[in-house]
Every structure is written in structure tokens, then in C-alpha cells.
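First comes the structure, then the notes that go with it.
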Amino acid sequence: MATTANPATDLFSRLSFGRAVSPSPLRLPSRPPCTPRLSSAIVALHKRNPKRLKYASQRQFTRGDGGMLRVKVEPSGQDFWKLDPVVDLINSGAVGVIPTDTVYSIVCDLSNNDAIERLRRIKGIVDSKPLSILCRSLRDIDTYTTGFPLGTNQGQANIFRAVKRILPGPYTFILPATKELPKQCIKHGSSTRYAKRRQVGVRMPDDPICQAILQNLEEPLICTSVKYLSEDEWILDPVYIADIYEPLGLDFIVDGGARIADPSTVVDMTGSYPTIIRQGKGPKLDWMVTGTDQEAQSTLKAV
């Protein structure tokens, strides 16, 4: 006797992973063994907020349809299965917004050139401005950069050991890039000429939602922080991010709640000392220096 297909079961079958993913403990947990919910349940909204009601209907991503998927998840991890379609969208070339341990970031697939160009257009980033990458592990950092100094017998500090103690964490490290870094990360001008692959900012955010997404991808994400279009100020509420960036072509947004205006601490690792060029959420450690520290050292040497 023929069986009748269950539409809800078919939906979740299409959204499930069809391949093995990273063995990290942050793999997306299996879906709870309850009755499958229809697609509209994927977008969890605060019903009392009229702005959020605007995004009550889910629109499946297809290239050029202009629709945006909005997914609200809890940092506890109990509903991380909702991130399945987000991972699928990223693998399909989508550009979207995810939370980090500091502010929200616009992200896309590292190896998808079209997606990187779309990210630049949506954010309004000039071609000459380099982009950062969100890494899954220290192995990713070693792949796309020359890595952190391991120390020598001549007294050079083992920075790699010190960095391992603070990552994942709210830091962006600027490191010399390797040839594995896509050209679009450091693009020069509007022509096909590219600048030399010199430096790139790398991050390993200490955020469970961000890590859950990264650990189920095959490579890191290109990223840039979400700001107002006409002001150099971060947007911290995902509702306002959706209002501003959906008309510009954003494909999805992962709502992890409002953030605090506290960006990552940026540390330049390309000079003689690890130098903080922007103090943010990550505290200054004893092996880091500031521009003021370097000026003082230069003055002492000149005396």
C-alpha cells in the first residue's frame, strides 16, 4: 500500500546535512525527537515587537530572489539545529550576518569570489580595503598565514604558546598572509590587478553560535563588522541590521540577541613586538605593547 509523504518531514530532510562534517565537539546536535515543525517555526520571533513581525515569514534562499532568511537561536545550544539552512546558504554563495563574541559580522564563503564581491557591495567597502577571516582553529591560521612565532634559543618569546591561552577570544591578529589567502581578500583598485598578499586579520571568536557555524563548514569565513552605512558606528541590534541591510541584498541573518559596542582588540604581529593598534574587548597582556610603549622605548634608546 502506498504511503503518504509528510511535507514537514520532507522539509527537514532537505535541510539536513548529507555529508560528514568536522569532528569538533561543536558539531550541530541532532534534531530533538519531537514532532517536526513546519518551516515557519525556524524563524523564532518576539511576538510583542511589531518590528520583528515584519520578518515572520521564512523565504527560502535562491540566487537573485532578494529574500532574506532570519533565524533566531539561543546560545545554550538547544536549538542549534536551526543553523542547518544557514550552513547550506553559505555553501551556496550567500552573504549574511552572524554574531561573534564582540559585534555582529557580515560573512561569506572564503573561496567564493562572487560572494566576496557581493559582500563588498552590500557593506560598501572599497576594493583597496582588506578583509578579515573567521577561523575554526589554529590550524586554519597556520594555513592562511605564516603563523605565530614559536620562539628561539636566542631569547625570542614563544608567542604561539601565549596565543593558545587566549584563543578563542576577542582578539584580531594581523599576520603575514600565505598564498592560500584568496586574492579578493586584499584587492587593489577596480581592475583585475591585485596587491601583494601581505597581511590579513584573523579571528577565532569565543561565541557558541559562531563556532557552531564555523565547525560545520569546510573552510573559514570572510568577515567584516556590521556598521551603519553613513556612520562609523556598529549596529548592535539584529532587528536594525535586518531593516538596513535586507534591501541591499543580504541573504540571511542569525539573531543571537543584542550585542555591546565592544569590538575585538586588534594586535599587529608583523613588527618587532605584538603591538595593539586598537584596544577593544580583549585586555592588554604583558607580552603586548602599545604605540605609546614603542615611542617610550625609542626615546630611551636615543638618550
Side-chain angles (χ1 to χ4, degrees), residues 19 21-22 24 61 63-64 86-98 100 102-148 163 167-168 171-205 207 210-211 213-227 245 248-254 263-264 266-270 277:
R19 64 180 189 281
V21 293
S22 169
S24 164
F61 171 83
R63 284 186 179 276
V86 172
V87 173
D88 289 340
L89 290 181
I90 293 173
N91 289 329
S92 300
V95 178
V97 169
I98 66 173
T100 71
T102 54
V103 295
Y104 278 88
S105 288
I106 305 178
V107 300
C108 70
D109 184 5
L110 178 84
S111 61
N112 192 310
N113 295 339
D114 291 338
I116 296 175
E117 292 302 316
R118 286 188 58 227
L119 181 149
R120 286 186 179 274
R121 289 196 300 269
I122 291 173
K123 176 71 181 293
I125 300 176
V126 295
D127 289 339
S128 58
K129 183 175 180 179
L131 299 168
S132 299
I133 56 177
L134 296 178
C135 295
R136 303 164 297 177
S137 64
L138 290 168
R139 180 176 298 179
D140 281 341
I141 295 178
D142 286 339
T143 298
Y144 296 98
T145 74
T146 58
F148 298 97
V163 167
L167 291 182
Y171 294 91
T172 298
F173 290 103
I174 300 176
L175 291 162
T178 65
K179 63 180 181 180
E180 300 298 326
L181 183 71
K183 295 177 180 179
Q184 280 74 11
C185 290
I186 306 178
K187 186 174 179 180
H188 178 71
S190 59
S191 67
T192 57
R193 295 178 302 164
Y194 293 92
K196 293 181 179 179
R197 301 182 184 92
R198 295 179 179 175
Q199 304 166 0
V200 63
V202 296
R203 287 216 60 204
M204 280 181 59
D207 179 87
C210 183
Q211 282 291 328
I213 295 171
L214 288 171
Q215 296 299 340
N216 285 278
L217 295 170
E218 296 180 355
E219 54 192 355
L221 290 172
I222 294 291
C223 73
T224 180
S225 59
V226 182
K227 293 185 176 183
Y245 281 93
L248 300 178
L250 196 70
D251 298 314
F252 68 86
I253 181 169
V254 177
S264 63
V266 180
V267 184
D268 186 355
M269 305 294 294
T270 62
I277 59 178

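A quick note: this is a predicted structure, and the numbers were derived from the prediction, not measured.
Between atom CD of residue E219 and atom CD1 of residue I90 there is a gap of 11.0 Å, rounded to the nearest 0.5 Å. In this structure, CD1 in I222 is found 4.5 Å from CG in L110, a value given to the nearest 0.5 Å. Note that CG of L248 and CD1 of I106 are 9.0 Å apart. Values are rounded to the nearest 0.5 Å. To the nearest 0.5 Å, the span separating OH on Y144 from CG on D142 amounts to 12.0 Å. Taken to the nearest 0.5 Å, the CG atom of D114 stands 11.0 Å off from the CG atom of D109. Interatomic distance, CD1 of I125 versus NZ of K227, reported as 10.0 Å (0.5 Å rounding).
Heavy atoms only, all atoms of each residue included: T100 and P205 are closest at CB-CB, 4.1 Å. In plain terms, the two heavy atoms of S105 and C223 that are nearest each other are CB-CB, 4.2 Å.
Side chain of R203 to main chain of S132: no donor-acceptor pair is present (N/O by atom type, distance under 3.5 Å, no hydrogens or angles). Proximity of a side-chain donor or acceptor of R118 to a complementary backbone N or O of N113 within less than 3.5 Å is not detected. Using modelled atom types, one side-chain atom of K123 and one backbone atom of S225 make a donor-acceptor pair closer than 3.5 Å. Remark: side-chain polar atoms of T178 are paired, donor with acceptor, to backbone N or O of T143 under 3.5 angstrom. Using a distance-only test at 3.5 Å, with no hydrogens or angles considered, a donor-acceptor pair links the side chain of R136 to the main chain of L217. A donor-acceptor pair under 3.5 Å links the side-chain atoms of D251 to the main chain of V95, judged by distance alone.
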Go through M269 and I174 one step at a time and tell me if the side-chain contact (heavy atoms from CB on, under 4.5 Å) criterion holds.
CA-CA 6 Å; M269 305 294 294; I174 300 176; 5.9 Å; no
For V97 and Y245, run side-chain contact (heavy atoms from CB on, under 4.5 Å): C-alpha distance rounded to whole Å, both residues' side-chain angles, the deciding distance at 0.1 Å, then the answer.
CA-CA 9 Å; V97 169; Y245 281 93; 5.7 Å; no
Would you sort out whether F148 and I141 count as a side-chain contact (heavy atoms from CB on, under 4.5 Å), showing the intermediate values?
CA-CA 9 Å; F148 298 97; I141 295 178; 3.9 Å; yes
Should D140 and L214 be marked as a side-chain contact (heavy atoms from CB on, under 4.5 Å) after you check the CA-CA gap, both sets of side-chain angles, and the distance that decides it?
CA-CA 11 Å; D140 281 341; L214 288 171; over 6 Å; no
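Counted by atom type alone, R198 and T270 present zero donor-acceptor pairs between their side chains at under 3.5 Å. If you check the side chains of S264 and T172, you find a donor sitting under 3.5 Å from an acceptor.
No side-chain heavy atom of F173 sits under 4.5 Å from any side-chain heavy atom of T145. Residues L131 and R120 have side chains in contact (heavy-atom distance under 4.5 Å, counting atoms from C-beta outward).
A side chain to side chain contact (heavy atoms under 4.5 Å, CB included) with C210 is found for exactly one of L134, L221, V254, V107, namely L134.
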